[in-house]
Amino acid sequence: MLIALGGGGVSVLSGRRYRLELTAEQAVQCQEFSDVCRSVWNTGLEQRREYRRRGAWMNYVPQCAELADAKREHQWLKAAPSHVLQQTLKDLDRACREHGTFKVRWRSKARWAPSFRFPDASRSALNVWVASGAG
């Protein structure tokens, strides 16, 4: 649970995780999303490392702008929603700030469990129904 203070009040933000039972078509789409997110993570990490080797810095904002340009040039990036890819870059930015650019690991297909997050569920590209209170 995350508690945010602001505007004279206290807001409580809560996130939930669900295990979804996907159709075959949805499973393929989710795998495609996670593959694109893994590529964005690895490309972003390599870019940050290259900047650090030259003594420069790279962070979320310029990488997000470059992602928008790359989506116009590379059709495969359009397979995943923009906000999902932006969330991947935010996660990378946080990992690099907390652990250091050269200590953050690559996401290999063999070692990494495919995953992605929809930061704004109302813009979700998947139509799924989630039952709450399952037990």
Side-chain angles (χ1 to χ4, degrees):
M1 184 178 306
L2 176 68
I3 299 176
L5 301 175
V10 175
S11 300
V12 178
L13 306 174
S14 169
R16 291 178 171 65
R17 286 185 176 200
Y18 297 97
R19 181 171 302 280
L20 303 176
E21 293 194 23
L22 304 171
T23 65
E25 182 181 334
Q26 290 170 330
V28 168
Q29 188 176 31
C30 284
Q31 182 63 50
E32 188 174 21
F33 287 0
S34 64
D35 288 345
V36 173
C37 287
R38 184 172 46 83
S39 293
V40 166
W41 175 282
N42 290 340
T43 302
L45 181 57
E46 176 56 30
Q47 183 181 42
R48 284 168 179 260
R49 287 179 176 177
E50 194 56 42
Y51 268 75
R52 289 299 302 132
R53 285 183 195 106
R54 294 189 310 224
W57 293 95
M58 173 61 79
N59 63 22
Y60 170 75
V61 175
Q63 281 189 314
C64 214
E66 289 184 15
L67 176 63
D69 293 338
K71 280 189 85 161
R72 285 190 280 281
E73 294 177 31
H74 304 287
Q75 198 64 26
W76 62 273
L77 282 169
K78 293 180 182 179
S82 293
H83 63 288
V84 172
L85 300 179
Q86 290 165 1
Q87 186 64 49
T88 299
L89 289 177
K90 281 184 184 180
D91 294 342
L92 174 63
D93 190 62
R94 183 175 180 177
C96 289
R97 280 187 284 114
E98 289 180 2
H99 305 290
T101 302
F102 290 98
K103 290 187 179 178
V104 174
R105 295 182 71 168
W106 299 100
R107 290 190 170 170
S108 76
K109 199 166 194 169
R111 191 182 69 232
W112 178 65
S115 66
F116 56 89
R117 292 187 291 157
F118 285 106
D120 180 3
S122 67
R123 293 173 34 193
S124 170
L126 293 174
N127 289 323
V128 294
W129 179 82
V130 179
S132 61

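Owing to the predicted nature of the structure, the values given are computational and were not obtained by experimental measurement.
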For residues 61-72, tabulate all N or O donor-acceptor pairs below 3.5 Å that involve a side-chain atom, not counting sequence neighbours.
from: Q63; atom 1: OE1; to: R48; atom 2: NE; distance (Å): 2.9
from: Q63; atom 1: OE1; to: R48; atom 2: NH2; distance (Å): 3.2
from: Q63; atom 1: NE2; to: G44; atom 2: O; distance (Å): 3.0
from: Q63; atom 1: NE2; to: Q47; atom 2: OE1; distance (Å): 2.8
from: E66; atom 1: OE1; to: Q47; atom 2: NE2; distance (Å): 2.4
from: D69; atom 1: OD1; to: R72; atom 2: NH2; distance (Å): 2.4
from: K71; atom 1: NZ; to: A80; atom 2: O; distance (Å): 3.2
from: K71; atom 1: NZ; to: S82; atom 2: OG; distance (Å): 3.0

- Task: Would you please name every residue forming a salt bridge (Lys or Arg N to Asp or Glu O under 4.0 Å) with E25, sequence neighbours left out?
- Result: none

- Item | Set of salt bridge (Lys or Arg N to Asp or Glu O under 4.0 Å) partners for R52, sequence neighbours left out |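 For R52 there are no salt bridge (Lys or Arg N to Asp or Glu O under 4.0 Å) partners, ignoring immediate neighbours.
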
Smallest separation among heavy atoms of [X] and [Y], with atom names:
{"X": "H99", "Y": "V104", "result": "CB-CG2, 4.4 Å"}
{"X": "L45", "Y": "C96", "result": "CD1-SG, 4.2 Å"}
{"X": "A79", "Y": "F33", "result": "O-CE1, 2.9 Å"}

- Where the side chain of T43 meets the backbone of V40, is there a donor-acceptor pair that is under 3.5 Å apart? no

- Message: Using modelled atom types and a 3.5 Å cut-off, is there a donor and acceptor pairing between side-chain atoms of D93 and backbone atoms of N59?
- Response: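 Here the side-chain-to-backbone pair does not exist.
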
- Using a 4.5 Å cut-off on heavy atoms from C-beta on, say whether the side chain of R38 contacts that of D35. yes

- Message: For Q75, I'd like to know if atom CD has over 12 heavy atoms of other residues, nucleotides or ligands within 6.0 Å.
- Response: no

- Residues clustered with Y51, ILVMFWY side-chain links under 4.5 angstrom: M58

- Under the 4.5 Å side-chain heavy-atom rule for ILVMFWY, direct or indirect, which residues accompany W57? none

- Item | side chain to side chain donor-acceptor pair (under 3.5 Å) against D91, all qualifying residues, sequence neighbours excluded | Q87, R117

- Message: If the threshold is 4.0 Å, N to carboxylate O, is there a salt bridge linking E46 and R49?
- Response: no

